[in-house]
Participant: 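Handing you a structure now.
Each chain gets a letter, A, B and so on, in the order its sequence line appears, and its residues count up from 1. Below, each value reflects all heavy atoms present in this structure, side chains not excepted, and no hydrogens, waters or symmetry copies.
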2 protein chains.
Amino acid sequence: METELLRDYGFRRQQLTEMLGHACAAAIAKVFPLASLQKRQPTVLVACGPDQNGCVGLACARHLRVFEYIPTVFIPKRSSDALHQDLTLQCERMDLPFLSYLPTEVQLINDAYNLVVDAVLGPETDLASVGEPFTGVLQTLRGLKVPIVSLDVPSGWDADESSSDRISPALLVSLMTPKRCTLSFSGSHFLAGRFLPFDLQRKYELNLPKFPGTDDVVQL
Amino acid sequence: METELLRDYGFRRQQLTEMLGHACAAAIAKVFPLASLQKRQPTVLVACGPDQNGCVGLACARHLRVFEYIPTVFIPKRSSDALHQDLTLQCERMDLPFLSYLPTEVQLINDAYNLVVDAVLGPETDLASVGEPFTGVLQTLRGLKVPIVSLDVPSGWDADESSSDRISPALLVSLMTPKRCTLSFSGSHFLAGRFLPFDLQRKYELNLPKFPGTDDVVQL
C-alpha cells in the first residue's frame, strides 16, 4: 500500500512519515495525557530503529516535544537513510537529548521515564536476521515496568510466536492498517492513517472506522 | 524563517506544507463545521496559485476531503514546481474535481459552494507584477457573497493599501507568523505553525499563544 501511495498517488515519504508521526504523538497524548503522568517531569524515552518505523518514531518524538512532553531519543544504530538523518537533525535542533546507549539496568529507565516508545523494528523487519544491538534492546524493553507504546507492531512480534517471551505494550498505534501479528493484542489499540485515499481503502478492504472530528487517530 | 527551517533544521518543504495544509483544514473545520454549512452538499472551492501558498492550498484541499468536505480545486496557472505537481496529483488521485476556469459570473460560485479558500497569492508575491489570470481571479473573489478563507495573507492585500478595494475574508489562517498586511484584519484569525522549534520562536520573538490540546491551530 505504501508503495502505491508513493508510486501512483504522488505522495512522498516525508509527508507520510510526518502525518504518521503526528498521529502517534496524538494517540499518546490521548492515552497518557500530561496530567496523568506519575513523574515530576513529563519524560518519555523514544527508541528509534534505523528503518521506516524509526523514522516515524523520530517524527513522533518531535511532535511529543511540541505537545510539551520531554522526550529523549535513543537510536541503537545510525541509519544511512537520508530521511532518517533529516528527522534526527530536526530532533537535535529541537534540543531533544539523545542517549548514546541504553542502560541494561531496567530500573534506571523505570525511574527516569514515564513511558517508553518502541519504534525499533517494523513489520518489514526479517526477525530471523535481527542481531545486536537490537537483541539487547528488546531484552531491556521486555524487562520494563513503565508502559510501552509500540508503533505499527511491537518490536520482535511474530504472528506465529507464543506470547510468553515478547514485549507487552500498553498502547499500540497501527499505521494505516493493523498487521497480522497484532491480532492477539489486547491493550489500547489506535489506528493512524486517516489520510489514505478512499479508493485505496476500498481496494484493500480496510473498512476504517470513523475518525472523530479532525482527529488523525481512532481507537479500535 | 522558512529558509532557516529548511537550511539549518533539516526540514523539507513536503513536511512543512503538509503540516500547514492540515492546520488550515482544521481551522476551517472549527469555524465552518460540516453541520453549519447551508448547502445540501459540503462543497468548498479551493483556488490555488502556482507558488508555496498554492501548495498549502492543495494540501488543505486534500485534508478537507479527508474531513468529509467536498472540495473542488481551481488552479489558475500550472506550476513548474515539483512539489506543486505532486500535491496536484495527490488531489487528482483522491478524485477531487478540478475547475478548468473560474466563472466570471459570481452568482454561479455563490450557488455552488459554501466557502471559497483563497490560496492564490502569498506574502512573497510582488503585487506590482501580478497580471492575468490572477487579476481576473481577484476581481471574481471580490464579488463573492459566500465566505472566503484566506491562507497566510488575503490575496492581493498590501500593507499600505486602503481597505476599500480588496477581498474581505471571513477567516484568515496565518502560517507560522501573522504578516504585516494582516494587522488591520478584523475577521476570525487563526495561527498555524505549532511545529516551530522553540529557539526559532524565541529568536523571532513570535510569542505564540498556547495551542489547546494537540490542536495544530490556535485562534488569535
Participant: Who among A:Q85, A:E18, A:M94 has the most heavy-atom pairs with chain B under 4.5 Å?
Facilitator: A:E18

Participant: Tell me, with the steps shown, if A:S174 and A:H189 meet side-chain hydrogen bond (donor to acceptor under 3.5 Å, both in side chains).
Facilitator: CA-CA 7 Å; A:S174 286; A:H189 193 176; 2.7 Å; yes

Participant: Heavy-atom distances under 4.5 Å only: say whether B:R62 touches chain A with side chain, backbone, both or neither.
Facilitator: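 Side chain of B:R62 only, per the 4.5 Å heavy-atom cut-off to chain A.
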
Participant: What part of B:L87 is in contact with chain A, defined as an atom under 4.5 angstrom from a non-hydrogen atom: side chain, backbone, both or neither?
Facilitator: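 Side chain only.
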
Participant: Specify which of B:D95, B:L5, B:D199, B:D8 makes the most heavy-atom pairs with chain A at under 4.5 Å.
Facilitator: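 Counting heavy-atom pairs under 4.5 Å, the top option is B:D8.
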
Participant: For B:E92, which atoms come within 4.5 Å of any heavy atom of chain A: side chain, backbone, both, or neither?
Facilitator: neither

Participant: Quick check on side-chain contact (heavy atoms from CB on, under 4.5 Å): which of A:V153, A:L191, A:V56 does A:L175 satisfy it with?
Facilitator: A:V56

Participant: Considering only heavy atoms from C-beta outward, does the side chain of B:H84 approach that of B:D51 to under 4.5 Å?
Facilitator: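 A side-chain contact is absent here, since even the closest heavy-atom pair is not under 4.5 Å.
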
Participant: Name the option with the most non-hydrogen atom pairs under 4.5 Å to chain B; the candidates are A:Q90, A:Q14, A:K30, A:Q15.
Facilitator: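 When all of A:Q90, A:Q14, A:K30, A:Q15 are compared, A:Q90 has the most.
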
Participant: Quick check on the 6.0 Å ring-centre criterion: do B:F195 and B:H22 meet it?
Facilitator: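 Here the rings of B:H22 and B:F195 have centres that are no less than 6.0 Å from each other.
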
Participant: Could you report the tightest heavy-atom contact between B:I167 and B:W157, atom names first, then the distance?
Facilitator: O-NE1, 2.9 Å

